[in-house]
2 protein chains.
Amino acid sequence: MTVQDIRAFNRFYTNVIGALDYSRHLYAPYTLTESRVLYELAHSPRTDAADLRAELTLDAGYLSRILNKFEQDGLIERTPSRRDPRRRRVTLTARGRETAALLAERADESVGALLATVPPAERPRLSEAMRTVRTLLSDGRPPRREDVVLREPGPGDLGWIVARNAALYAAEYGWNADYEGLVARIVADFAEDHDPHLERVWIAELDGRPVGCVMCVRDDAPATARLRLLLVEPGTRGLGIGDRLVTAVIDFARGVGYRDLVLWTNDVLAAARRIYQRHGFVLVAEKPHRSFGKDLTGQDWRLDLTGTGE
Amino acid sequence: MTVQDIRAFNRFYTNVIGALDYSRHLYAPYTLTESRVLYELAHSPRTDAADLRAELTLDAGYLSRILNKFEQDGLIERTPSRRDPRRRRVTLTARGRETAALLAERADESVGALLATVPPAERPRLSEAMRTVRTLLSDGRPPRREDVVLREPGPGDLGWIVARNAALYAAEYGWNADYEGLVARIVADFAEDHDPHLERVWIAELDGRPVGCVMCVRDDAPATARLRLLLVEPGTRGLGIGDRLVTAVIDFARGVGYRDLVLWTNDVLAAARRIYQRHGFVLVAEKPHRSFGKDLTGQDWRLDLTGTGE
DNA sequence: CGGTATCTCTGACTGAGTCAACTATCTATC
DNA sequence: GATAGATAGTTGACTCAGTCAGAGATACCG
């Protein structure tokens with residue numbers, strides 16, 4: 001139950017933050033809230049009081065007093081905004097910048113002490129996990145098509161293709177380890193010997209992690225290319241990633257002179273079939289078979305690349 | 001710079017928690033701290049006041065007053081501890097349990113609203129990332145040997161072997177994609193056809209994620225087994241995982257009647273070599289070769305399984 | 001037994017944050 | 001251009017979460 005996970009995490013992280021703040025001298029002679037205001041000012045140097053209020057969700061009266069204190073201490077200057085004389089433009093003085101830097105330094109030290117307890121080899125995992133939490137929780141904006149990029153595979157990506165194909169089809173359709181072997185065989189053949197002009201793999205990447213793939217290789221038949229291993233991570237379906245991958249294969253195959261593009265799939269993979277249909281593939285044969293521990297119906301699809309190429 | 005990442009995350013998560021707590025009615029008629037106490041009581045029903053103080057790092061006087069309030073409201077009962085009459089045993093009443101449940105429910109709702117903004121398919125990633133942050137930051141206790149378990153591969157694990165072998169050796173030694181192809185070939189051969197009585201793969205798992213692997217297959221020579229693809233994630237080295245994996249292979253090979261265990265490695269892999277030496281392997285041949293885009297020196301090692309088997 | 005530490009409680013206090021009232025100004029509408 | 005309503009900022013008054021110090025009771029240690 002994820003709600004429980006989140007609550008557990010909240011309790012945990014409340015303690016982490018509490019532990020960091022515990023030695024209150026961190027902010028001396030200011031408070032946590034005051035230092036947040038100072039931080040905000042240091043990182044967007046000219047802001048109106050109203051912006052600060054909105055950004056940090058502070059009480060207007062509270063903020064007003066904090067700014068009074070800062071002004072007395074010579075950390076800020078307040079001038080009326082030209083645009084709207086009700087608003088007050090707040091600017092850090094040189095001294096304010098110094099103080100902000102000092103507080104930042106202390107915070108860095110304290111966080112550094114925390115970080116020192118994490119083995120260096122694990123730190124990238126920590127950064128990565130924190131980024132994941134942030135992006136998933138921050139306003140939950142759905143990823144956009146433009147965030148997805150297609151690229152060539154790097155080290156480990158072929159293994160990723162094997163792992164994700166196996167794990168997903170095991171989870172969704174109960175296929176057994178034979179399928180993982182088949183995929184491993186396909187990527188092994190590809191890695192071992194392929195003509196980069198005629199055969200290629202694409203990885204779809206979203207925010208730095210792979211979320212899809214497809215492969216284009218030569219088929220036995222002359223001037224025929226074969227599309228294989230089309231996969232899109234469930235969490236990112238509906239972004240047109242499958243379409244883009246298939247388009248990449250079609251354009252590539254046509255561009256290097258193949259006349260036909262074929263593929264083999266199974267009738268249970270409805271989402272993939274719709275993609276193929278959209279791109280003009282036609283079903284040319286269908287045959288039941290027993291594979292991967294299931295009774296399946298294999299399908300051969302074909303696309304004529306010499307036809308009405310745009 | 002990871003310190004900055006953490007601080008950014010702290011600022012972010014301060015806001016998340018603040019947003020959740022903002023509607024203070026969440027805890028009405030109690031405060032956040034009071035509800036934390038209640039939560040703690042509900043989850044370890046008989047505790048002394050001193051335990052609560054330690055667990056939640058509260059001021060003794062503050063806690064005393066909170067418990068007074070709870071007692072007045074009929075949520076708890078206080079009795080002197082038998083073991084030490086200075087201590088006070090605190091127990092929730094039925095009414096206390098009800099109240100705790102009510103508060104928990106409200107918190108669940110509020111967290112649920114947050115969770116609702118995360119697409120369902122991404123929730124496992126969120127849980128996973130939070131767990132990672134927790135385990136890495138929680139007192140930085142290094143993982144213990146006992147936390148590592150060896151198991152058979154599940155769906156996707158063979159792909160994981162390919163991916164991690166390729167990514168690690170690319171990062172550490174600059175090996176090219178040929179190596180990924182070789183590993184894929186090895187796991188494909190294994191997956192496609194292996195006698196489970198004579199050939200096997202082990203995955204080392206730590207906190208639910210794979211951190212190491214090894215494979216044992218039949219060699220061409222009679223009564224000879226071959227150890228392949230020994231790998232331990234850098235972050236978890238030093239926990240004896242490599243030793244356990246090699247031991248697993250040796251015990252297995254000896255147990256099913258192999259007389260020899262051989263392996264091929266490269267001299268650059270010093271850490272692995274030390275493991276093999278510890279287990280009694282002897283170097284039988286060495287030959288330079290050019291593979292994976294590098295000039296390497298391959299080594300054949302052998303262990304006589306019929307010898308002084310314990 | 002005496003000295004010291006620990007557990008709990010209460011009184012007294014601090015100060016972070018809230019609320020409400022007020023002024024001044026902007027914006028929208030008739 | 002007059003009026004109504006919203007918004008920005010300020011100040012006074014207040015609340016109440018959390019801290020600190022001291023006291024009584026008891027444990028632990030020599």
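Bear in mind the structure is a predicted one, so any value in this text is a computation, not a measurement. Below, chain A is the first sequence line, B the second, and so on; all start at residue 1. Every heavy atom of this structure was used, including side-chain atoms; hydrogens, water molecules and symmetry mates were not.
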Checklist entry - Are any side-chain N or O atoms of Asp157(B) and backbone N or O atoms of Gly154(B), one a donor and one an acceptor, separated by less than 3.5 Å? => result yes
Item to check | Lys/Arg N to Asp/Glu carboxylate O, Arg237(A) vs Glu172(A), below 4.0 Å | outcome: yes
Checklist entry - Do Arg7(B) and Asp108(A) sit within salt-bridge range, that is, some charged N less than 4.0 Å from a carboxylate O? => result yes
Next on the checklist: Walk me through whether Thr93(A) and Phe70(A) qualify under side-chain contact (heavy atoms from CB on, under 4.5 Å).
Outcome noted: CA-CA 10 Å; Thr93(A) 62; Phe70(A) 283 173; over 6 Å; no
Checklist entry - Rounded to the Å, how far apart are Arg53(B) CZ and dC9(C) C1'? => result 12 Å
Checklist entry - For Phe70(B) and dT8(C), what is the distance between atoms CZ and P respectively, to the nearest whole Å? => result 16 Å
Next on the checklist: Just the rounded figure in Å: distance from P of dG9(D) to CD1 of Ile76(A).
Outcome noted: 12 Å
Next on the checklist: Between P on dG9(D) and CZ on Arg89(A), what's the gap in Å once rounded to a whole number?
Outcome noted: 12 Å
Checklist outcome for this item: Separation of dT19(D) atom P from Leu56(B) atom CG, nearest Å, is 13 Å
Item to check | Carboxylate-amine/guanidinium proximity below 4.0 Å for Asp73(A) and Arg95(A) | outcome: no
Checklist entry - Does a sphere of radius 6.0 Å around CD in Glu77(A) hold more than 12 heavy atoms from other residues, nucleotides or ligands, not counting ones at 6.0 Å or beyond? => result no
Checklist outcome for this item: Protein heavy-atom contacts under 4.0 Å, written 5' to 3' over nucleotides 22-30 of chain D as B (base), S (sugar-phosphate only) or - (none), form the string ---BBS---
Next on the checklist: Quick one, Arg131(A) with Glu128(A), criterion salt bridge (Lys or Arg N to Asp or Glu O under 4.0 Å). Give me CA distance, side-chain angles, the key distance, then yes/no.
Outcome noted: CA-CA 5 Å; Arg131(A) 223 189 49 197; Glu128(A) 167 69 17; 3.6 Å; yes
Item to check | Candidate nucleotides dG18(D), dC7(C), dT10(C), ranked by approach to the side chain of Thr33(B) - the nearest | outcome: dG18(D)
Item to check | Nucleotide dA8(D), atom P - distance to CG of Leu52(A) in whole Å | outcome: 13 Å
Checklist entry - Does the distance from a Lys or Arg side-chain N to an Asp or Glu carboxylate O, for Glu71(B) and Arg65(B), drop under 4.0 Å? => result no
Checklist entry - Among residues 58-66 of chain B, which contact DNA chain D at a heavy-atom distance under 4.0 Å? => result Asp59(B), Tyr62(B), Arg65(B)
Checklist outcome for this item: Separation of dT15(D) atom C1' from Tyr30(B) atom OH, nearest Å, is 19 Å
Item to check | Any side-chain donor near an acceptor of the partner, Arg134(A) and Tyr13(B), under 3.5 Å | outcome: no
Next on the checklist: Using whole Å, what does the distance between atom C1' of nucleotide dT10(C) and atom CG of Leu67(B) come to?
Outcome noted: 14 Å
Next on the checklist: So, OP1 or OP2 of dT10(C): does either fall under 4.0 Å of a side-chain N or O from Asn68(B)?
Outcome noted: yes
Next on the checklist: Working note: Asp51(A) + Arg87(A), criterion salt bridge (Lys or Arg N to Asp or Glu O under 4.0 Å); need CA distance, chi angles, decisive distance, verdict.
Outcome noted: CA-CA 10 Å; Asp51(A) 300 331; Arg87(A) 297 169 73 98; 3.0 Å; yes
Checklist outcome for this item: Here the helical stems involving DNA chain D, each at least 3 consecutive Watson-Crick or G-U pairs closer than 3.5 Å, sorted by first residue number, are C:1-30 with D:1-30
Next on the checklist: Assess whether a salt bridge exists between Glu122(A) and Arg125(A), defined as any Lys/Arg side-chain N lying under 4.0 Å from an Asp/Glu carboxylate O.
Outcome noted: yes
Checklist entry - Nearest to the side chain of Arg87(A) - dT10(D), dA8(D), dT8(C)? => result dA8(D)
